[in-house]
Amino acid sequence: MIAQITYAHHIDTPGHSSGNGIEVNRSDNWILGAAQAVTVFIVEPESFGTEWKRALTLYFPFNSAKLTAAQVREIGNLPPSAHYRIVGSASYPGSDRYNYELGLHRSQAVASLIKKAHARISVMVVSLGNAFASPQKDQFGKDQKAVVQIPGK
């Protein structure tokens, strides 16, 4: 395990690992209002039996999940693969929950374009939120991204 984050909303079935690098367990001692709290354990991708390599990194403006026309073209030029994994992340400012959701929106935006271009493929969407973000303001832009990965070394 390389990180553990607790959120006050439901993102997957408790106790279920969906094979996307995120294992979710219910946290009984951390309930906020009516929301169900979950703890997200971010683990090394190799623990799922597949090695992934970076095919494309797309950077986003602060607080945005909108792709530019140039980025849409880059996605269209991705190497062909039967499986893709998109890992979204966010910069340090903001709550852990908000940054998790922003990273997820970024990876979903990329995934939807890949799915449109290649109907019969598998796309895995992951958000790291700000789990690995730098607290240094001059580094924020490097953390606002979605990384497209394909199987391989």
Side-chain angles (χ1 to χ4, degrees), residues 2-14 16-24 35-48 50-153:
I2 53 179
Q4 177 179 338
I5 308 164
T6 301
Y7 298 98
H9 69 295
H10 182 74
I11 60 168
D12 205 342
T13 307
H16 173 74
S17 174
S18 56
N20 63 1
I22 295 180
E23 180 182 326
V24 180
Q36 181 179 18
V38 294
T39 301
V40 178
F41 297 95
I42 302 168
V43 296
E44 294 290 346
E46 290 76 18
S47 67
F48 294 102
T50 301
E51 291 191 36
W52 297 90
K53 66 179 180 178
R54 183 181 63 80
L56 177 64
T57 301
L58 302 163
Y59 293 94
F60 292 82
F62 181 74
N63 202 31
S64 174
K66 186 171 181 155
L67 293 162
T68 66
Q71 289 172 322
V72 171
R73 285 190 298 278
E74 285 184 86
I75 292 168
N77 293 329
L78 278 169
S81 179
H83 307 285
Y84 292 90
R85 179 169 74 173
I86 299 92
V87 181
S89 60
S91 57
Y92 195 73
S95 70
D96 287 346
R97 179 179 179 171
Y98 178 80
N99 285 323
Y100 167 80
E101 290 172 356
L102 181 57
L104 187 62
H105 290 306
R106 288 173 174 162
S107 59
Q108 288 171 334
V110 175
S112 68
L113 284 176
I114 292 173
K115 288 293 270 184
K116 282 182 186 176
H118 311 283
R120 297 183 184 264
I121 60 165
S122 166
V123 177
M124 184 186 313
V125 173
V126 178
S127 177
L128 299 178
N130 62 356
F132 300 101
S134 170
Q136 297 177 352
K137 196 171 193 173
D138 64 337
Q139 299 294 312
F140 288 172
K142 294 179 181 179
D143 298 321
Q144 299 164 181
K145 64 187 174 189
V147 178
V148 179
Q149 300 172 326
I150 57 175
K153 292 184 179 187

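When each of I114, V126, L58, L113 is tested with I86 by the rule side-chain contact (heavy atoms from CB on, under 4.5 Å), just one qualifies, namely I114.
V110 places none of its side-chain heavy atoms less than 4.5 Å from the side chain of R106. Under the 4.5 Å side-chain criterion, counting only non-hydrogen atoms from C-beta, F60 is not in contact with H105.
Side chain of S127 to main chain of Y100: a donor-acceptor pair is present (N/O by atom type, distance under 3.5 Å, no hydrogens or angles). A donor-acceptor contact shorter than 3.5 Å is absent between the side chain of S81 and the backbone of Y84. Proximity of a side-chain donor or acceptor of N99 to a complementary backbone N or O of P93 within less than 3.5 Å is detected. A donor-acceptor pair under 3.5 Å links the side-chain atoms of K115 to the main chain of I121, judged by distance alone. A distance-only check finds no donor-acceptor pair linking the side chain of D143 to the backbone of N130 [under 3.5 Å]. Side-chain N or O atoms of Q144 include none that pairs as donor or acceptor with a backbone N or O of S91 at under 3.5 Å.
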Could you go through residues 67-78 and list every donor-acceptor pair under 3.5 Å that involves a side-chain atom there, pairing it with any protein atom two or more places apart or in another chain?
from: T68; atom 1: OG1; to: Q71; atom 2: N; distance (Å): 3.1
from: T68; atom 1: OG1; to: Q71; atom 2: OE1; distance (Å): 3.4
from: Q71; atom 1: OE1; to: T68; atom 2: N; distance (Å): 2.9
from: Q71; atom 1: NE2; to: Y59; atom 2: O; distance (Å): 2.7
from: N77; atom 1: ND2; to: R73; atom 2: O; distance (Å): 3.3

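In this structure, K142 places its NZ atom where only 12 or fewer heavy-atom neighbours from other residues, nucleotides or ligands lie under 6.0 Å away.
Nearest heavy-atom pair, L102 versus A90, reported as atom, atom and distance to 0.1 Å: CD2-CB, 4.2 Å.
Atom-to-atom distance recorded for R85:CZ and I150:CD1 is 12.0 Å, nearest 0.5 angstrom. Rounded to the nearest 0.5 angstrom, T57 OG1 and Q149 CD are separated by 8.5 Å.
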